[in-house]
Amino acid sequence: MDLQNHLYAVALKIDLTLKKLLPSEKTKPKTIHKAIQYSVFAGGKRLRPILTLAAAEACGGRSEDALWAGCAVECIHTYSLIHDDLPCMDDDDLRRGRPTNHKVFGEGIAVLAGDALNTIAFEILAQGPSTSRYPHAAQILELARAAGSRWLIAGQVMDIEGEGKKTTPSELQFIHQAKTAALLTSAIRLGAMSANASPAKLNALTEFGQSLGLAFQIIDDILDVTQSTEKLGKTAGKDVSAVKATYPALFGLQRSRKIAHTLTTKAQASLKTFGKKGELLRALADSMLAREY
Ligand code: GRG
């Protein structure tokens with residue numbers, strides 16, 4: 001199967017599992033469950049769960065065992081997007097090619113839909129398989145840390161506080177590591193945990209995720225200035241209008257592309273220990289570097 005078909009097939013598997021695990025639109029109170037379904041099934045790329053399943057396979061595990069963790073991470077990711085779009089945050093009208101959650105359901109319900117997805121993530125993770133090296137408590141600790149105030153939320157805080165101010169390259173690198181790379185790394189680590197990976201394999205995948213996650217956010221910064229709103233499904237040029245610290249703003253487009261390329265090569269070098277089993281992760285890293293939206 002070529003990579004594109006693989007991506008479609010895995011995204012479909014994730015969608016079907018999320019459909020099964022999330023409360024249906026008919027569950028009372030209907031408004032909140034409609035709002036949750038609206039954003040979860042808005043056509044996201046499902047990159048994080050795709051990486052979770054690929055990491056599990058690289059460690060000799062079964063993708064079926066990694067599905068819970070992948071869906072849990074996607075719930076955290078979707079919550080962060082709903083909250084990020086709120087008027088008190090980035091104040092955006094468009095996400096995943098549709099009006100943002102608060103534009104359709106109002107701010108109160110959008111805040112609650114994000115809150116609910118944040119807790120549903122742990123409800124889902126707790127229902128997945130536990131392994132001898134990584135019992136449920138270890139998996140829950142893993143996701144809670146990545147989504148907490150030292151990483152995902154720290155990145156958002158520094159992003160907000162940095163608007164319109166001069167940011168140093170090391171501050172910018174930390175913002176990107178915190179708001180994007182930490183959750184992406186956690187998606188990969190949870191896949192490895194579902195396969196009961198050895199500590200050495202978990203470490204190798206952590207290094208892979210950290211470099212890949214930083215490269216992913218740099219590409220996101222680049223796409224914000226080079227792509228159209230239609231292609232991105234979210235408002236293009238937002239970083240420039242909000243005077244945000246980004247790699248293109250600090251280093252220019254050409255150097256930013258080079259940094260993303262170097263980080264991707266570094267990520268792929270961390271996969272050496274996996275041999276042929278690391279091929280899918282290597283190919284995913286290449287496709288994330290070349291992505292256009
Ligand atoms: C707690 C009030 C409150 C808010 C939290 C933590 C947070 C808000 C926001 C996270 C920051 C954020 C949105 C980082 C950007 C990460 C990123 C590149 C998102 C886009 O990911 P894709 O391209 O999106 O994978 P799709 O739509 O394809 O899933």
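In this text the structure is predicted, and so the values were computed from the model without any measurement. We count ligands from 1, going down the list as the structure has it; atoms in each ligand are counted the same way.
- Scanning the protein heavy atoms around atom 24 (O) of ligand 1, the nearest turns out to be His77 NE2, 3.5 Å.
- The protein heavy atom nearest to atom 4 (C) of ligand 1 is His83 CB, 3.4 Å.
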Quick one: do His176 and Tyr247 satisfy ring-ring contact (aromatic ring centres under 6.0 Å, His included)? Show the steps, please.
CA-CA 10 Å; His176 282 21; Tyr247 271 70; 5.3 Å; yes
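- Both the backbone and the side chain of Leu152 come within contact range of ligand 1, each with a heavy atom under 4.0 Å.
- Here the heavy atom of the protein found nearest to atom 18 (C) of ligand 1 is Gln217 OE1, 3.2 Å.
- Around NZ of Lys103, the count of heavy atoms belonging to other residues, nucleotides or ligands within 6.0 Å does not exceed 12.
- Here the protein heavy atom with the shortest distance to atom 1 (C) of ligand 1 is Tyr79 OH, 3.5 Å.
- In summary, the atoms of ligand 1 found under 4.0 Å from a heavy atom of Ser80, numbered by their order in the structure, are 7 (C), 8 (C), 9 (C), 10 (C).
- The shortest N or O to N or O distance between Lys45 and ligand 1 is below 3.5 Å.
- Residue, atom and distance of the protein heavy atom nearest to atom 16 (C) of ligand 1 are Thr180 OG1, 3.5 Å.
- Regarding atom 13 (C) of ligand 1, its nearest protein heavy-atom neighbour is Asp84 OD2, 3.4 Å.
- Nearest-heavy-atom check against atom 26 (P) of ligand 1 across Gln156, His176, Arg96 picks out Arg96.
- A donor-acceptor pair shorter than 3.5 Å can be found between the side chains of Asp221 and Gln217.
- For Thr206 and Arg189, the side-chain atoms include at least one donor-acceptor pair closer than 3.5 Å.
- In terms of modelled atom types and a separation under 3.5 Å, the side chain of Ser80 and the main chain of His77 share a donor-acceptor contact.
- Each of the following atoms of ligand 1 lies closer than 4.0 Å to a heavy atom of Lys179: 14 (C).
- Across all non-hydrogen atoms, the minimal contact from Lys277 to Ala58 is CD-O, 3.4 Å.
- In this structure, Phe216 is part of the shell of residues with a heavy atom less than 4.0 angstrom from ligand 1.
- For the pairing with Lys234, the salt bridge (Lys or Arg N to Asp or Glu O under 4.0 Å) check across Asp239, Asp224, Asp220 returns one residue only, Asp220.
- Here the shortest heavy-atom pairing between Phe41 and Arg98 reads O-NH2, 3.5 Å.
- The proximity of Met89 to ligand 1, defined as any non-hydrogen pair under 4.0 Å, is limited to the side chain.
- The Asp220 neighbourhood of ligand 1 comprises atoms 18 (C), with distances under 4.0 Å to a heavy atom of that residue.
- The nearest heavy-atom contact from the protein to atom 21 (O) of ligand 1 is Arg48 NH2, 3.1 Å.
- Ser211 places no side-chain N or O within donor-acceptor distance of the main-chain N or O of Phe208, the cut-off being under 3.5 Å.
- Residues Ser39 and Asn101 have side chains that bring a donor and an acceptor to within less than 3.5 angstrom of each other.
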